[in-house]
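This report concerns only the one structure given below.
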Amino acid sequence: MTSTATTAVTEIVLPGMVEPEGLELRTRELPAPAKDQVVLRMDATGVSFAEQQMRRGKYYDQPPFPFVPGYDVVGTVTAVGPEVDAALVGRRFAAVTKTGAWASHILVDAVDLMPVPDEVDSAAAETVIVNGITAWQMLHRIAKVRTGGTIVVLGANGGVGSTLVQLARHAGITVIGTASERHHATVRELGATPVDYRDPAMYARIRELAPDGVDAVFDHVGGAGVEQSWQLLRKGGTLVSYGTAATKDEEGNSQLPVMKLFARLAAWNSLPNGKSAHFYNFWAGKRRCRASWQQRMTEDLTQVLRLVADGVVTPQIAAKIPLSAAASALTLAESRTVAGKVVIVPGA
């Protein structure tokens, strides 16, 4: 039955460019779901690099302050709007929201719901929504690395990186992964050869491990180091850039580092050396054709969640922290002391 009732919601508001402790907790009434919408009760959300950029005003197309952060969510449908199948109530889904998921309940378009298998825990599923889709698409849709190839994953202990390592190893690909020394044991357990990213000779060390070059480099750092990543490629190799972490603390226009990176990648693609450079944009194609974009999201997440259910991919959960302590969750994620993703759960 279509719901016309409002829902009491607790949410975390990012009021401006503040430190994590500046986050605000708010309660309000969530409107009844409109046509084609559902109310999703949050079972798990999390802290991504996007929120870390947003609080600094550095995310490429973030909304104006104040707003509720939260890039993705796993939740249970509690109410549906007009023209939505009432059978969805009580079922669990994942959704990509970009903002809004740091809340006890959230309105979501029904077409954006992606099913979560019963055998996959909500926190585990949350860990591989955006991270898993990103890793899958970069490896299999963009770089298309074949079995027997060799890749470099920068930040192999992170949310995307740890998932990417496991997907690559499952595909029979050799992985060299950068991480701080404290995370080397974790990177080895995932199946990659670790290299210390703090070592000034990091790129030289990678060349020692892969003297003939590598088939792909996955670089979320950007900045000056992206040229070194490009130099690691063998002929026919692919650089996949998917972030500008190196510039997150720089003052100034948040779009400028991205524009500079685009220009550099385009220049490299014009060279006659058989290499290619790509910038991975999770949202590419959504405005042009939402239906096909969402279909790809659902297909790829389904692949990743099946690997999670089969025990092939182990989601790297750094911590589970209640929604009311979101400031602590953000602080922990930014500390660079943890492996995997910090997950936010409803709490008691």
Side-chain angles (χ1 to χ4, degrees), residues 3 5-15 20-33 37-52 54-55 66-81 84 88-110 112-132 159 301 305 308-309 315-334 338 340-348:
S3 173
T6 61
T7 302
V9 58
T10 299
E11 58 191 12
I12 304 298
V13 177
L14 180 60
E21 55 269 25
L23 293 171
E24 299 174 357
L25 188 146
R26 178 176 69 185
T27 58
R28 66 181 178 95
E29 289 296 313
L30 190 71
Q37 286 186 323
V38 304
V39 175
L40 206 61
R41 184 192 69 226
M42 187 269 286
D43 297 326
T45 180
V47 183
S48 67
F49 187 67
E51 285 91 28
Q52 299 173 44
M54 286 179 185
R55 79 162 185 85
F67 62 91
V68 176
Y71 216 82
D72 53 16
V73 62
V74 172
T76 301
V77 175
T78 60
V80 300
V84 178
L88 295 181
V89 174
R91 294 173 57 189
R92 207 162 43 115
F93 294 92
V96 180
T97 55
K98 188 179 286 186
T99 59
W102 287 9
S104 62
H105 298 76
I106 182 174
L107 289 170
V108 177
D109 289 343
D112 293 336
L113 297 176
M114 298 178 283
V116 175
D118 291 341
E119 60 268 35
V120 179
D121 172 77
S122 293
E126 158 58 28
T127 305
V128 297
I129 303 175
V130 168
N131 290 343
L301 180 60
L305 288 176
V308 172
Q316 302 298 296
I317 301 173
K320 297 180 186 178
I321 296 176
L323 179 66
S324 59
S328 297
L330 183 54
T331 299
L332 180 61
E334 293 189 0
V338 297
K341 185 170 186 178
V342 176
V343 175
I344 294 174
V345 294

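Side chains are part of it too, since the values below use all heavy atoms of this structure and drop only hydrogens, waters and symmetry mates.
- For Glu29, the side chain to side chain donor-acceptor pair (under 3.5 Å) test picks out Thr6, with sequence neighbours left out.
- A donor-acceptor contact shorter than 3.5 Å is absent between the side chain of Thr10 and the backbone of Ser104.
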Might you work through the side-chain contact (heavy atoms from CB on, under 4.5 Å) test for Tyr71 and Lys98, ending with a clear yes or no?
CA-CA 4 Å; Tyr71 216 82; Lys98 188 179 286 186; 3.8 Å; yes
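- Residues meeting the side chain to side chain donor-acceptor pair (under 3.5 Å) test with Glu51, sequence neighbours left out: Ser48.
- Note that the CD1 atom of Ile321 and the CG atom of Leu332 stand 5.0 Å from one another [nearest 0.5 Å].
- Put simply, the side chain of Val38 does not reach to within 4.5 Å of the side chain of Pro33, judged on heavy atoms.
- Residues passing the side chain to side chain contact (heavy atoms under 4.5 Å, CB included) test with Pro31, sequence neighbours excluded: Arg28, Leu107.
- Considering only residues two or more places apart in sequence or on other chains, Ala326 meets the side chain to side chain contact (heavy atoms under 4.5 Å, CB included) condition with Ile12, Leu23, Trp102, Ile344.
- Applying the side chain to side chain donor-acceptor pair (under 3.5 Å) test to pairs two or more places apart or on separate chains, none has a residue in residues 321-332.
- Applying the side chain to side chain donor-acceptor pair (under 3.5 Å) test to pairs two or more places apart or on separate chains, those with a residue in residues 116-125 are Arg92-Ser122, Glu119-Arg306.
- In this structure, Thr76 contributes its side chain and Asp43 its backbone to no donor-acceptor pair below 3.5 Å.
- The two residues Val9 and His105 come nearest to each other via the heavy atoms CG2-O, 3.3 Å.
- With values rounded to the nearest 0.5 angstrom, Asn131 atom CG is found 7.5 Å from Asp72 atom CG.
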